[in-house]
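Worksheet: the structure to be examined is printed underneath.
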2 protein chains.
Amino acid sequence: MKTQQTAEGGARPAGRPRSEKAERSIIEATLELLGEGIGVSELSIESIAGRAGVGKTTIYRRWSNKEDLVVDALATLKPPIPLPQGGTVRDDLVTYLRVIQEESRHHRTRCIMNIAMSDSERHPRLTERFRELAVEPRRAVVAAVLHRGMKTGELRADLDVDMALALLSGAMIWLTKWSHSGDYQPDLPERIVDEALKGFRPRPVTAEA
Amino acid sequence: MKTQQTAEGGARPAGRPRSEKAERSIIEATLELLGEGIGVSELSIESIAGRAGVGKTTIYRRWSNKEDLVVDALATLKPPIPLPQGGTVRDDLVTYLRVIQEESRHHRTRCIMNIAMSDSERHPRLTERFRELAVEPRRAVVAAVLHRGMKTGELRADLDVDMALALLSGAMIWLTKWSHSGDYQPDLPERIVDEALKGFRPRPVTAEA
DNA sequence: TGATTATGAAACGGTCCTGTTGCGTATCGG
DNA sequence: CCGATACGCAACAGGACCGTTTCATAATCA
């Protein structure tokens, strides 16, 4: 994914090798700045170089443009929290939403998410990268949980998995963004899941809670 | 909401009055540029002046900073489409989601929405303004539809209205943004509403469709 | 050692924008 | 008519950043 690569295999190209430390500093500085609310378009190479304690030359030598750098920076984000996957389907879904909620409270995650959400027009590659790194893995995990529920009978057998994921995730994001009381509501995940489950459950439901 | 105002009441302050036409041109140019994907931070007074066929002075005379201008520009956006409110609750909800879907296909609306969604950290006033202008009116309309359904028995009597709105709107936005096939899916509103309704309906449901 | 490449720092000319000022003209009230 | 204010336009100094180049220094290989 690097824009310019030198060593490839065993043949070292002679001369001083590129500093891995500098590379890490650059990417870390990039993520820091993005995490502080700087948008991609305002992000300047000079500010990154300054933050990383690195000459501009060192950056330009490795990435030919800003977007490539940001793409590589996003690539270093680990897919965080693989979800417990232990209890009932309801519990797993609540846990999933709680992770989203918790992340949206941290500056860094929230800003990076904003970038992915907003810059899809001008930076489609960033959005696609974010989808691969953050959205898709979670979609897969939640889809597995839902399928498990459909097998055990805890959920409708004809449930539309993608639709269910959209309802849950979308509601969480919507409420976090537009809830009149922007406060932190610890019971939000439970409320969303319970409200949604009434549609996910098989029709002949009898008991509640 | 204007930053600097002169005339106030009957006493005109003497001299040539400010051109209403210029003012409209400025705001229109601002909305145009935002609609073309320019972010708030990249939006320059010079580009607005150029687009509007106006001197920079004319802009600086009225607004002391860019954010005030954008706020005023957003304020001119009409709350579009008051929703038919005629048929069944299901039909009204489908119509509501169809409006969202249709808007998200138009550049202008989508870009302005992106601004509201993304710049909430750095431009809280813009986000708040957008909430007042775009989110809240619709929330009210949909809430009325839902309450009607709760009275007629088409919906559960203990439905959480805000949660229902979040599930519907959130799912629509989520799918529009992250759906693997980014194509236009005309049946999306129906699918979302029908999937959600299974949770909105009163429990002792018997027949389907 | 010497050839080679990378590094941080600094300086470069260039672009774009800022917010202000001056200018000649246009439009109001009196 | 006059005074006052707004208009579009051009110019200004100042700043941020671009992408490139130069330079002395550092790290690696043969």
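Just the heavy atoms: all of them, side chains too, but no hydrogens, waters or symmetry mates, feed the values below. A note on names: the letters A, B, ... follow the listed sequences, proteins ahead of strands, and every chain is numbered from 1.
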C:dG8 phosphate, OP1 or OP2, under 4.0 Å from A:T58 side-chain N/O: yes
Atom-pair distance (CZ on A:R51; P on C:dG8), nearest Å: 17 Å
Residues forming a salt bridge (charged side-chain N to carboxylate O under 4.0 Å, His left out) with A:R16, sequence neighbours excluded: none
Cation-pi geometry met for A:R105 and A:Y184 (6.0 Å, 45°): yes
Single hit among B:L133, B:T30, B:L69 for side chain to side chain contact (heavy atoms under 4.5 Å, CB included) with B:L74: B:L133
Results of salt bridge (charged side-chain N to carboxylate O under 4.0 Å, His left out) for A:K177 - residues two or more places apart only: none
Below 4.0 Å: OP1/OP2 of C:dT7 and any side-chain N or O of A:R61: yes
Whole-Å distance separating the CH2 atom of B:W63 from the P atom of C:dT18: 15 Å
Residues in salt bridge (charged side-chain N to carboxylate O under 4.0 Å, His left out) contact with B:R139, at least two apart in sequence or another chain: B:E136, B:D162
Side chain to side chain contact (heavy atoms under 4.5 Å, CB included) involving A:A22 - partner list, sequence neighbours excluded: A:S19, A:V54, A:T58, A:R62
Residue-phosphate contact under 4.0 Å: A:T57 side-chain N/O, C:dG8 OP1/OP2: no
Set out, line by line, the N/O atom pairs under 3.5 Å between protein and nucleotides 11-18 of chain D.
unit_1 : atom_1 : unit_2 : atom_2 : d
D:dC18 : OP1    : A:I45  : N      : 2.9
D:dC18 : OP2    : A:I45  : N      : 3.2
D:dC18 : OP2    : A:E46  : N      : 3.2

Nearest-angstrom distance from the residue atom CD of A:E20 to C1' of D:dT28: 15 Å
Rounded interatomic separation in angstrom, taking CZ from A:R62 and P from C:dT5: 16 Å
Between protein and nucleotides 25-27 of chain C, what N or O pairs are separated by less than 3.5 Å?
unit_1 : atom_1 : unit_2 : atom_2 : d
C:dA26 : N3     : B:R16  : NH1    : 3.0

Length of the NZ-P vector between B:K21 and D:dA6, whole Å: 18 Å
For A:E128, all residues meeting side-chain hydrogen bond (donor to acceptor under 3.5 Å, both in side chains), sequence neighbours excluded: none
Salt bridge (charged side-chain N to carboxylate O under 4.0 Å, His left out) against A:D91, all qualifying residues, sequence neighbours excluded: none
Rounded distance in Å - CZ (A:R18) to P (C:dT5): 12 Å
A:S44: side-chain hydrogen bond (donor to acceptor under 3.5 Å, both in side chains) partners, not counting sequence neighbours: A:S47
Nearest-Å distance for atom pair CD1/P, residues B:I38 and C:dC17: 10 Å
